[in-house]
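Every number for a ligand or one of its atoms is a count from 1 in the order of the listing.
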Amino acid sequence: MNITFYGAAGEVTGSKHLLEVGEKKVLLDCGMFQGKFSEAEKKNRFFGFNPTEIDAVVLSHAHLDHCGSLPLLYREGFRGKIFSTSATRDVAELIMLDSAKIQQQDRSFYAELEGREPLPPLYNEDDVKGVLQLFDEVPYHKTFSVVEGVSGYFRDAGHILGSAVVELSLIAEGRNIKLGFTGDLGRKNTPIIRDPEYMVDLDILISESTYGGSKHESFAEARRVLKKYVKEAFARKAKIIVPSFALERTQELIYLLHEMIDNKEIPRFPIYVDSPLAVDITEVFRRHPDCFDQETFATFGRNDDPFGFRNLEYIHSISESKALNKQKGPMMIIASAGMCEGGRVKHHLKHSIDDRNNMIFITGYMARGTLGREIVEQKPEIEIFGEKHKLRAQVIVLNSLSAHADQPALLDYAQNCGDNLQKIFLVHGEDNQAQALKEELLSLDRGFKVEIPQMGEGFEL
Ligand SMILES: [Zn+2]
C-alpha cells in the first residue's frame, strides 16, 4: 500500500493524493492549482499520473482547489466513480462550471491584450457535464465501498456546506489500515453548518495545515466587529463594499446580518448580494438544510429562510448591478470575487474607493499580488481597470471569519482520532505553517511520526 502526493504539498492549492491499495488506485481530491497564470497552467496540465488508470475519486469538498481539476481528469480519460456528499456534488457543479467560464474569459482577454490566438482552456462546459455523470452521492455516516479493498465513511468537516473528513479502511496484502483525510478542517461554532467531527481509530492521518502556525480570533469577535462598523456605517450613511467569496463566506455574512437585524442589534438597511455565482450557491444552501446545525434551526426555525429577509436583495442582471453605483448609502454591497481580481466587485470599488465616507470590509484571505491585498495593505493609490484611484475609503479587516481550523484546533484534532495514530502527513499548508505544526505535534510526545511530503513524493503505508 502506497500514497503519493501530487498537490497541496508544501502549498495550499491543487489537493491531489493518490492511494494505491493492491491493484487499485484511488485519488483523494482532484483540485486545481491557483496562482500566477503560467505557473498554475503548467502544474494543472501535468497530473504526474495516468488519469485512465485511476479507479475512483473520493472528494472531500467543493472548493476549486479540491474539485477543480475533475473535469480535466475526465477529459484525459478517467471514467471511474467519484464519491462525495450530495451537497458537495451540487456545489462542485457550480464551481466547475464557473471555472470553465472564467478560463474561457481569461484566455480571450489575455489573447486580445497580446494580439494572439487564445490558449485552449483546461476544460470546457461539456467536460464538466461529463464528469458530473460519474458522481455517486453518499450520505454522512454511512459506509460505502470505493473499490475492492477500500471502503469509506464521511463525517462532518465543518468547513463549507457538504464538506467531509474521510475515513478509509484499506485492506491489502493481509493488512488492514485505517487512514483519515481531513480535506479542509473547519472550526467549531461557525454559522450555518455543523461542527467538525473527530475521526475514529485512525492509524494514519493526512491533515491540512493552512493555519498550522497561527491562532484565530473567535467568531464572537468577528460578530462584534461586524456589528460595530455596520452601526457606524449606518450613522454616517456610508456605502459598504464587501468583496466576498461566493461560496460559504457570503452565506455566513448574510446569516449573521439576518440574525443581528432580527435581534435589533443593527438597524435595517439595504443589503445587496451582487454575484451571480453567490446567488446560485445560496440556492444550493437552501436545498440542503440537511447540512445545517441545531443553532440554525433554533435561530430561524425549520420554515424561515436564513438567506432571505426584507431588506436583502439578490442582484441578477448587469443593469441592476450598475444601478447600485448611483444609489446613496447607507447600504452594503456583497460582491465577488473574493480577492477583487475580477467580477462585479471591481466596478463597485471603482465607484466607491475614493470617498472617505465609504467602507470596505475585508472578510477573507487576500493572496499576494491581488487587488484585495493592495487594499488590505492600504496602498494610497490603487489601479482598477487601468485607472489609478485614491484609496480613501475606510478599510476594515475581519480576520476572524476564517473557515479553517487554527493551530490549537489542528493539534486537538490529531490527538482525538484514536490511540493507534502513529503517522501524520501534513499537507495543504505553506512550509512555515506546516513546519510550525510539525514541531508542536512532535512536542506532544505521543510518538507521532510527522511527514511534510514534497510534491510527487511517495510513501509506503
Ligand atoms: Zn476548502
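Side-chain contact of Ser214 with Gln433: a donor-acceptor pair under 3.5 Å is present, judged by distance alone. Looking at His141 and Glu197, their side chains do bring a donor and an acceptor atom within 3.5 Å of each other. Judged by distance alone, the side chains of His61 and Thr88 never bring a donor and an acceptor atom under 3.5 Å apart. For the residue pair Asp412 and Tyr198, a side-chain donor N or O sits within less than 3.5 Å of a side-chain acceptor on the partner. In summary, the side chains of His404 and His216 do not present any donor paired with an acceptor at a separation below 3.5 Å, with no hydrogens or angles considered. Residues Ser207 and Thr182 bring no donor and acceptor atom of their side chains to less than 3.5 Å of each other.
The number of protein N/O/S atoms found under 2.8 Å from the Zn ion (ligand 1) is 4.
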